[in-house]
Participant: 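My structure is below; once you've seen it, I'll send some questions.
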Amino acid sequence: MAIDRSYRLVPGTTIFDAEQSARGYHLNQFCMSLMTAENRAAYLADERGYLDAWPLREEQRRALLDRDLNAAMREGGNIYFLAKWGATLGFSFQQMAGSMTGMTEQEYRDMMVAGGRSATAPASRIDHAVLEAAHAADTPPAEHAAVSAAVFTSHVPAIGAAMDHGKTDEPYWQPVFAGYEPSRRWAAAHVPDVVVLVYNDHASAFDLSLIPTFVLGTGAAYPTADEGYGPRPVPGVEGDPELAAHLAHCLIQDDFDLTLANEMPVDHGLTVPLSLMFGEVEKWPCKVIPLHVNVVQYPVPSGARCFELGRALRRAVESYPRPLDVQVWGTGGMSHQLQGPRAGLINREWDNAFLDRLVTDPAGLARVPHLEYVEEAGSEGIELVMWLIARGALSDVDDGGTVDVEHRFYHVPASNTAVGHLILTNQHPQPTEEN
Ligand code: DHB
Ligand code: FE
């Protein structure tokens, strides 16, 4: 089923969606720059020169210089952003809105005073024949993306540091990296088009000014965060804005109220798993869509919510009309506590039961409450809820089919943490006669 964009059929109306946002990204960010008195003065002193310093299309510059807001809307502008530009030039919202209607300022004002434009006038309404034709044309795509595997791994920053400083052969680290040798071979032979990489930001991109629960990266690229010791010497990450916008659209329509990030640095939670799986490379071999989960400040999402998000993620991937190979990675864990007198907690039995149940009983595992994670796996063991997103994205959960355990590894310690790792491949159900 294609995604529902019937909102485009409302006459005289431009709905600001991900496509419009991409079209108008720099135009809207230019508008935001006018939120300081200094920049407003610079703009008013030399409009053309100021606009030329922004990577705008000529149509966008022209729209602003001509004060043509309909053209600015076509070019991806959003009225709340454009309002900053309008305010700089002394236009009110009413003047801006009226300027798009073909009426004079006075005529528009008079219409508003008389009760506003009629919502029932034919010119304000959708043509239902067009709407029905659009629904009739909405058939499942002939080809589509699919989730081929899920990878689960700890993301301990010290593992990245061991790689970055050439310590992987030291006796302390050797067993950790030996456990990932089969994974490296598997990863090299199964490079997907895109990894949806579920991780938590560790107070790197998000500080206490903003605490979103789920953040999907819809950007083209993500730089490596400086976590206090300089950015890791690993490549930046290339995103897949088109697939990410599709996932965002589907997941939000499926009632997962994601935050979307077009720009964000990515920290060890995302880069260490890439290093573990792909080794030292000049460029990561595939695109990555970051999916951040807040596990820093409570309340954090439940395992059950994460598992449901994974299930919805698979549906969203499978509705993307291109034959992309997608892997979903869940990172963090296993048992670890980084704080207080209880720091250093490790629970081998609980961790291994978690790995067992992740394979054989994911729906039951998803019902484990937060308190159990904290008590049994330590305060930072809560990161394991993120693994349930990757697990929920495999077909056996909903559609039949099976999962194969490609590799399993467990080792204590890496820094303060029990390292756990699983690779599950998705054996899709065989198509039946009816489908
Ligand atoms: C450690 C583990 C983590 O998952 C993390 O985010 C930071 C530190 C550690 O064991 O040192
Ligand atoms: Fe972590």
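Numbering of ligands and ligand atoms starts at 1, following listing order.
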Participant: Under 4.0 Å, heavy atoms only, figure out whether ligand 1 is touched by the backbone of Pro157, its side chain, both or neither.
Facilitator: side chain
Participant: Indicate if the distance from the Fe ion (ligand 2) to the nearest N, O or S atom of His155 falls below 2.8 Å.
Facilitator: yes
Participant: So Phe354 and Tyr373, would you call those rings parallel, tilted or perpendicular, with 30° and 60° as cut-offs?
Facilitator: perpendicular
Participant: Would you say the ring centers of His246 and Tyr320 fall short of 6.0 Å from each other?
Facilitator: yes
Participant: Using 30° and 60° as the class limits, which term best fits the ring planes of Phe30 and Trp54: parallel, tilted or perpendicular?
Facilitator: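 Answer is perpendicular, since the angle exceeds 60°.
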Participant: Give a yes or no on whether a salt bridge exists between Glu59 and Arg74, defined as a side-chain N under 4.0 angstrom from a carboxylate O.
Facilitator: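 So Glu59 does not pair with Arg74 through a salt bridge.
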Participant: Could you find the nearest protein heavy atom to atom 10 (O) of ligand 1 and give me its residue, atom name and distance?
Facilitator: Thr417 OG1, 2.4 Å
Participant: Pick out which of Gln20, Arg23, Arg57, Arg62 makes a side-chain hydrogen bond (donor to acceptor under 3.5 Å, both in side chains) with Glu75.
Facilitator: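 The residue from Gln20, Arg23, Arg57, Arg62 that satisfies side-chain hydrogen bond (donor to acceptor under 3.5 Å, both in side chains) with Glu75 turns out to be Arg57.
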Participant: For a distance under 2.8 Å, tell me if His202 has an N/O/S atom near the Fe ion (ligand 2).
Facilitator: yes
Participant: Under 30°, 30 to 60°, or over 60°: which ring-plane class applies to Phe409 and His411, parallel, tilted or perpendicular?
Facilitator: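 Parallel: the ring planes of Phe409 and His411 meet at under 30°.
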Participant: Quick one: does Ser154 get a heavy atom under 4.0 Å from ligand 1?
Facilitator: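 Checking ligand 1 against Ser154, which is what was asked, there is no heavy-atom contact under 4.0 Å.
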Participant: Against ligand 1, does Glu383 come closer than 4.0 Å with any heavy atom?
Facilitator: yes
Participant: Nearest heavy atom to atom 4 (O) of ligand 1 wins, so pick from Glu227, His268, His336, His202.
Facilitator: His336
Participant: If I take every N, O or S atom of Glu383, is at least one of them less than 2.8 Å from the Fe ion (ligand 2)?
Facilitator: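 For Glu383, the answer is yes, given that an N, O or S atom comes within less than 2.8 Å of the Fe ion (ligand 2).
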Participant: I'd like to check which ligand 1 atoms, numbered from 1 as shown, lie under 4.0 Å from a non-hydrogen atom of His155.
Facilitator: 4 (O), 6 (O)
Participant: Please examine the side chains of Arg232 and Val272, heavy atoms only from C-beta on, and report whether any two atoms are closer than 4.5 Å.
Facilitator: yes
Participant: Taking only heavy atoms of Asn416, which atoms of ligand 1 are found under 4.0 Å from at least one of them?
Facilitator: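 Here the atoms of ligand 1 in question are 9 (C), 10 (O), 11 (O).
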